[in-house]
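Below, chains carry the letters A, B, ... as their sequence lines are ordered, and counting in each starts from 1. Source: prediction; values computed, not measured. For the numbers below, each heavy atom of this structure counts, side chains included, while hydrogens, waters and symmetry mates do not.
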Amino acid sequence: MLDIRLFRNELEQVRAGLSRRGESSESVDAVVRLDDEVRRINTERDELRSRIRALSNEVGQLMRDGLKDEAGDLQAESRELGAQEKQLDAASDAAAHELRELLLRLPNLPSDDAPDGSTEHDNVVARVENYDPGSYADHQRVPHWETGEALGILDVERGVKMSGSMFVMYRKAGAAMVRALCQLALDRNADLYEEVRPPTLVRADTMVSTGHLPKFADDAYHLERDDLYAIPTAEVPLTSLARDEILDHAALPARYMAHTSCFRREAGSAGKDTRGLLRVHEFDKVELLAYTTAEQAPALHREILDRAEALIRDLGLAYRILDLCAGDLGNSSRRTFDIEVYAPGVDRWLEVSSVSWFGDYQARRANIRHRSAEGKGTEVCHTLNGSALAVPRVWAGIVETHRQPDGSVAVPEVLQPYLRGLTRIG
RNA sequence: GGAGGGAUGGCAGAGUGGACGAUUGCGACGGUCUUGAAAACCGUUGAGGUGCAAGCCUCCGGGGGUUCGAAUCCCCCUCCCUCCGCCA
């Protein structure tokens, strides 16, 4: 949620930022109009309240003095004002509610550093690492679902039998590798990040805090009977960890990591990427998240990207870093770097991590503040996060990249200790 | 799921219709004293809205109601605790 003060003091900046995303300016106009209205009504209402309080105090004084009969006129006047106040209050609530709904649906402003552009084709490739297009042999040009099936480590058919399309089942070393990847990611970040195991079913307001509701309700699994949502990423519960709290300045930056299942309906992608692990409804992921001051945010953005990148590099995968253009940024993000792994079997770049800086957009929704360094007053925190490791596509990248001429898959060295010393699958 | 008890400032804990945004204690911060510290003593110390400011307004778990006036009375909801039931 954007700071309403931006609309009052730096309206042109808001318009410019939103238009870089391709948002129309109609809602901006509506926000300004409603904000004016709310403040106008509130001023009038507060004036009435003030008079009612003064009258009531007079009545109270008369009562204490035993002059009950003289209070009648004051009571009548106060009652009259009370009726007016009630009307204004209702009008204020209605306008304020409308304003909030509007603000909740407006996306964040792109950072000035985010490149211009409107679609994913305009994203800037910041770096390409460990990738030599001519280096791939025929034995690596096999899709992971074929290798997985052949080695008995991926059972798509039975996953679908249980739960429908885009649900998969891992088996034997394939299942162990899911666990190993998560354990590796947690161990590699345990030096600075506190491990958390949060609930995977959360309330609506928890989803609102990160920006996943109300705008993207179609993407989330919802348990109607209990009105709970299955989290699409650990970002959701981790952001609500500090909801409605005022953090101590000395506690920042506060770093957390969590391994969770993630659930996505993929409502807009029906029929797309349905094969293998390219796009699934349920998957495991280790997420990194930080609460910071505004000043600390850039350093943490780099740190999370570095850590996510290091894991991919050490798994021996080819990857590239994308600097997302303004038009392709996630709704809540001001700047995002995507890490994409090259999967030779399907000859595609697969997004495995999205490292984002949200400014104070999420923290304002979640009401997360910190005491300012000078001691007086509070400031809204900044939040940042990124996948340390999202399992399915990394799993696919490993199986395709490290496939050997004999059809087996070499286990990356960093993973071997987590697979009981296994060096080769198949 | 049933029955009862709770929810007040950073924490603990008073307050059952009127001068209460809230007694007090602890903590924190500033000062006096001290070579320095501790102790003692003095003072300060919640969050937000609006306004140039003085000020005004809101917030005692959330929402509604009664009243001239609600932390306080009534209704609904959420959460926590105890007991019973069920259970990995």
Participant: Between Gln362(A) and Thr383(A), do the side chains contain an N or O donor and an N or O acceptor separated by less than 3.5 Å?
Facilitator: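 Yes - a donor-acceptor pair under 3.5 Å links their side chains.
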Participant: Is there a salt bridge (charged side-chain N to carboxylate O under 4.0 Å, His left out) between Asp29(A) and Arg15(A) once you walk through the steps?
Facilitator: CA-CA 9 Å; Asp29(A) 295 334; Arg15(A) 284 191 203 283; 2.9 Å; yes
Participant: Would you please confirm or rule out a distance under 4.0 Å between OP1 or OP2 of rC56(B) and any side-chain N or O of Arg49(A)?
Facilitator: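 Answer no for this pair, as no side-chain N or O of Arg49(A) is under 4.0 Å from OP1 or OP2.
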Participant: Could you tell me the separation between the CD atom of Glu58(A) and the P atom of rU67(B), rounded to a whole number of Å?
Facilitator: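 Whole-Å distance recorded here is 21 Å.
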Participant: Can you tell me, in whole Å, how much space there is between the C1' of rC56(B) and that of rG51(B)?
Facilitator: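 Per the computed distance, 9 Å lies between those C1' atoms.
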Participant: Rounded to the Å, how far apart are Asp35(A) CG and rU50(B) C1'?
Facilitator: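 Distance, rounded to whole Å: 11 Å.
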Participant: Write down the distance between CG (Leu55(A)) and C1' (rC56(B)), rounded to a whole number of angstrom.
Facilitator: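 Whole-Å distance recorded here is 15 Å.
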Participant: Verify whether one side chain among Asn108(A) and Ser332(A) offers a donor that lies under 3.5 Å from an acceptor in the other.
Facilitator: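 No, because no side-chain N or O of Asn108(A) sits under 3.5 Å from a partner of the opposite role on Ser332(A).
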Participant: Examine rU50(B): is either OP1 or OP2 under 4.0 Å from a nitrogen or oxygen in the side chain of Arg8(A)? Give yes or no.
Facilitator: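 Affirmative; the distance criterion is met.
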Participant: Please report the C-alpha distance between Phe283(A) and Arg264(A) in whole Å, then the side-chain angles of each, then the deciding distance to 0.1 Å, and finally whether the side chain to side chain contact (heavy atoms under 4.5 Å, CB included) criterion is met.
Facilitator: CA-CA 9 Å; Phe283(A) 61 96; Arg264(A) 301 184 179 181; 3.8 Å; yes
Participant: Take atom C1' in rC26(B) and the same atom in rG85(B), then report the distance between them in whole Å.
Facilitator: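 So the two C1' atoms sit 42 Å from each other.
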Participant: Are OP1 or OP2 of rU58(B) and a side-chain N or O of Arg53(A) less than 4.0 angstrom apart?
Facilitator: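 So the side-chain polar atoms of Arg53(A) do come within 4.0 Å of the phosphate oxygens OP1 or OP2 of rU58(B), strictly under.
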Participant: When the P atoms of rC76(B) and rC81(B) are considered, how many whole Å apart are they?
Facilitator: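 After rounding to an integer number of Å, I get 23 Å for this pair.
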Participant: From the list rU50(B), rC57(B), rG18(B), which nucleotide is the closest neighbour of the side chain of Met63(A)?
Facilitator: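 Nearest to the side chain of Met63(A) among the choices is rG18(B).
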Participant: With P as the reference atom in both, quote the distance from rC75(B) to rU58(B) in angstrom, rounded to an integer.
Facilitator: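 Comparing P positions in rC75(B) and rU58(B) gives a spacing of 26 Å.
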Participant: What interatomic distance, in whole Å, is found between P of rA53(B) and the corresponding atom of rU35(B)?
Facilitator: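 Their P atoms lie roughly 47 Å apart.
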Participant: If pairing requires Watson-Crick or G-U wobble contacts with both distances under 3.5 Å, which nucleotide is the partner of rG43(B)?
Facilitator: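 Paired with rC29(B).
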Participant: In the strands shown, is rA14(B) matched to any nucleotide by a Watson-Crick or G-U wobble pair with both distances under 3.5 Å, and which?
Facilitator: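 For rA14(B), the partner nucleotide comes out as none, under the 3.5 Å rule.
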Participant: Applying a 4.0 Å non-hydrogen cut-off, can you work out what Gln61(A) is touching in the nucleic acid: base, sugar-phosphate, or nothing?
Facilitator: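 The residue Gln61(A) makes base contact.
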Participant: What does Arg5(A) touch in the nucleic acid at a heavy-atom separation under 4.0 angstrom: a base, only the sugar-phosphate, or nothing?
Facilitator: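 Arg5(A): backbone/sugar contact only, no base atoms under 4.0 Å.
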Participant: Using whole Å, what does the distance between atom P of nucleotide rG48(B) and atom CZ of Arg364(A) come to?
Facilitator: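 For the pair Arg364(A) CZ and rG48(B) P, the rounded distance is 12 Å.
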Participant: When we call it a touch if two heavy atoms are under 4.0 Å apart, what does Arg203(A) touch: a base, just sugar-phosphate, or nothing?
Facilitator: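 Sugar-phosphate, backbone atoms only, no base.
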Participant: Using the P atom as the point on both nucleotides, what is the distance between rG18(B) and rG69(B), in whole Å?
Facilitator: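 So the two P atoms sit 14 Å from each other.
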Participant: In terms of ring plane angle, is the pair Phe263(A) and Tyr221(A) parallel, tilted or perpendicular, where the classes change at 30° and 60°?
Facilitator: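 Perpendicular, since the angle between the ring planes exceeds 60°.
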Participant: When you check the phosphate oxygens OP1 and OP2 of rG48(B), does a side-chain N or O of Arg369(A) lie under 4.0 Å from one of them?
Facilitator: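 Affirmative; the distance criterion is met.
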Participant: What interatomic distance, in whole Å, is found between P of rG65(B) and the corresponding atom of rC79(B)?
Facilitator: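 Those two atoms are separated by 24 Å.
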Participant: Ignoring backbone atoms, test whether Ser56(A) places a side-chain nitrogen or oxygen under 4.0 Å from the OP1 or OP2 oxygen of rG18(B).
Facilitator: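 Ser56(A) to rG18(B) OP1/OP2: no side-chain N or O under 4.0 Å.
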Participant: Rounded to whole Å, how long is the line connecting atom CG of Leu48(A) with atom C1' of rU50(B)?
Facilitator: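 To the nearest whole Å, that distance equals 15 Å.
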Participant: Using atom CZ of Arg45(A) as one end and atom C1' of rC59(B) as the other, report the distance to the nearest whole Å.
Facilitator: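 These atoms are roughly 12 Å apart.
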Participant: Which heavy atom of Leu192(A) sits nearest a heavy atom of Glu303(A), and at what distance?
Facilitator: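 Closest approach of Leu192(A) to Glu303(A): CD1-OE2, 3.9 Å.
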Participant: Measuring only between side-chain heavy atoms, which start at C-beta, is Phe337(A) closer than 4.5 Å to Leu324(A)?
Facilitator: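 They are not in contact (no side-chain heavy atoms under 4.5 Å apart), so the answer is no.
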Participant: Taking for each residue the nucleotide of RNA chain B bearing the nearest heavy atom, is the 5' side occupied by Thr43(A) or by Asp65(A)?
Facilitator: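 By nearest-heavy-atom nucleotide position, the 5'-most residue is Asp65(A).
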Participant: Within this structure, what is the CD-to-C1' distance between Glu47(A) and rG49(B), rounded to whole angstrom?
Facilitator: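 So the two atoms are 16 Å apart, to the nearest Å.
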Participant: Name the pairing partner of rG9(B), where a pair is Watson-Crick or G-U wobble with both distances under 3.5 Å, or state none.
Facilitator: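 Its partner is none (no Watson-Crick or G-U wobble pair with both distances under 3.5 Å).
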Participant: Under 4.0 Å from any atom of RNA chain B, heavy atoms only: list the residues of residues 78-98 of chain A that qualify, in numerical order.
Facilitator: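 Nucleic-acid contacts, sorted: Ser78(A), Arg79(A), Lys86(A).
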Participant: Could you work out the separation of rU66(B) and rA12(B) based on their P atoms and round it to a whole Å?
Facilitator: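 Looking at atom P only, rU66(B) and rA12(B) are 35 Å apart.
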Participant: Sort out the partner of rG1(B) for me: Watson-Crick or G-U wobble, both distances under 3.5 Å, none otherwise.
Facilitator: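 For rG1(B), the partner nucleotide comes out as rC84(B), under the 3.5 Å rule.
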Participant: Please work out which of the three classes, parallel, tilted or perpendicular, describes the rings of Phe167(A) and His281(A), given edges at 30° and 60°.
Facilitator: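 Tilted: the ring planes of His281(A) and Phe167(A) meet at 30° to 60°.
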Participant: Considering the options Leu181(A), Asp187(A), Leu186(A), which one meets the side-chain contact (heavy atoms from CB on, under 4.5 Å) requirement together with Gln183(A)?
Facilitator: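 By the side-chain contact (heavy atoms from CB on, under 4.5 Å) criterion, Gln183(A) pairs with just one of Leu181(A), Asp187(A), Leu186(A): Asp187(A).
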Participant: How many whole angstroms separate atom CZ of Arg243(A) from atom P of rA47(B)?
Facilitator: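 Roughly 21 Å, once rounded to whole Å.
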Participant: Given that both distances must come in under 3.5 Å, which nucleotide forms a Watson-Crick or G-U wobble pair with rU50(B)?
Facilitator: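 Answer to the pairing question: rG55(B), which forms a Watson-Crick or G-U pair with rU50(B).
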Participant: Just by distance, no angles: are the side chains of His144(A) and Trp395(A) close enough, under 3.5 Å, to form a donor-acceptor pair?
Facilitator: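 Absent: no donor and acceptor within the cut-off.
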